[in-house]
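Take a look at the structure set out below.
Only this structure's heavy atoms are used, side chains among them; waters, hydrogens and symmetry mates stay out. Both counts, for ligands and for their atoms, begin at 1 and track the order of listing.
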Amino acid sequence: MRADLLARAIARQLEPVSDCAAFEAKCLVEHFCAAGIDDIYLQRELADVPSARLQEAIQQRLQGIPLQYILGEWDFCGNTFYVNENVLIPRPETELLCECLADKMSPGTYVYDLCAGSGCIAISVAKATGAQVCAVEKYTGAFSVLQRNIQKHGARVQAKQWDITEAPDGSFAPADIILSNPPYIAKGELATLQREVQREPQTALDGGADGFDFYRAICRNFMPLLKPGGYAAFEIGEGQAEGLRQIFSAYRHIQTIKDYNGIERVVIFGKDS
Ligand code: GLN
């Protein structure tokens with residue numbers, strides 16, 4: 001079967017559930033038929049079309065399962081990460097969090113990634129800068145994805161299973177930088193999220209009654225571990241920048257960065273030396 005015709009046929013099937021059916025169809029053809037994007041554009045014949053597996057994938061997608069979970073992997077900051085229903089799917093706007101303090105990181109820098117999930121932030125930062133990163137994750141299902149991703153990338157990342165709402169014990173070293181993309185959706189808004197997002201772990205999305213529970217926990221439990229002169233950067237949801245400045249009012253507000261949709265997405269604080 002010709003790669004482009006197969007992709008087009010799949011795209012037609014996915015149109016009822018996807019705004020980017022053509023893109024998703026190309027991803028499925030590439031993944032399941034071991035094809036490259038050039039096979040589709042150059043209209044090549046595919047040697048191997050596993051029809052049953054493709055049909056199963058299409059059915060899953062029609063039922064609202066996100067493409068990323070069907071593929072079992074997704075790209076973030078130029079790296080490919082394992083993903084499954086135990087972790088949040090890495091999102092392009094989160095790349096801002098990885099980039100925003102990269103110029104302050106080097107092999108001597110100690111960094112925490114709190115609520116690490118798949119480890120996409122911790123591993124991307126460690127690979128790009130050589131910094132030593134401690135990735136902290138509470139849930140066992142997510143923690144095993146994190147460990148698999150660390151192994152896959154051979155990254156200089158230590159995985160630590162810990163609930164960040166608990167005060168850290170003596171095994172937590174002082175840090176130069178804290179990064180976190182914690183759950184930040186207000187509980188009442190969870191039911192309004194898109195069908196695919198509903199398939200993501202609620203524990204990775206639910207930020208408590210006002211959405212700020214995890215920022216408060218980090219401020220209370222982990223900011224004391226930040227060395228004087230250190231920085232903390234957080235991803236936030238739309239409209240949360242002011243709330244964050246209030247929670248972290250004991251620290252210097254360095255910068256709020258907008259994402260490519262013009263939404264304030266990352267807030268950086270500094271601890272005076
Ligand atoms: N840090 C992970 C990510 O950005 C998980 C975030 C989360 O579970 N809220 O993908």
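Where the criterion is an N or O separation shorter than 3.5 Å, residue side chain and backbone included, Asp113 fails it with respect to ligand 1.
Under the side-chain contact (heavy atoms from CB on, under 4.5 Å) rule, Val157 has a single partner from Asp113, Val133, Val111, Asn149, which is Val133.
Counting atoms of ligand 1 from 1 in the listed order, those under 4.0 Å from a heavy atom of Thr94 are 4 (O). Near Asn181, the atoms of ligand 1 lying under 4.0 angstrom from a non-hydrogen atom of the residue are 1 (N), 3 (C), 4 (O), 6 (C), 7 (C), 9 (N). With ligand atoms numbered from 1 in the order given, ligand 1 contributes 1 (N), 4 (O) to contacts under 4.0 Å with heavy atoms of Ile121.
Residue Ile89 does not touch ligand 1, judged by heavy-atom distances below 4.0 Å. Contacts with ligand 1 closer than 4.0 Å are made by side-chain heavy atoms of Cys120 only, the backbone lying farther away.
Relative ring orientation between Tyr215 and Tyr184 is described as parallel, the plane-to-plane angle staying below 30° on a 0-90° scale split at 30° and 60°.
Under a 4.0 Å N-O distance rule, the pair Arg91/Asp259 does not qualify as a salt bridge. In this structure, Arg245 pairs ionically with Glu242, as a charged nitrogen and a carboxylate oxygen lie closer than 4.0 Å. Between Glu95 and Arg265, none of the side-chain N atoms (NZ, or NE/NH1/NH2) sits under 4.0 Å from a carboxylate O, so this pair counts as no salt bridge.
A ring-centre distance under 6.0 Å is found for Phe172 and Phe222.
For atom 8 (O) of ligand 1, the closest non-hydrogen atom on the protein side is Ala204 CB, 3.2 Å. The single protein non-hydrogen atom nearest to atom 2 (C) of ligand 1 is Ala116 O, 3.4 Å, given as residue, atom name and distance.
The residue among Cys115, Ser118, Cys98 with a heavy atom at the shortest distance from atom 1 (N) of ligand 1 is Cys115.
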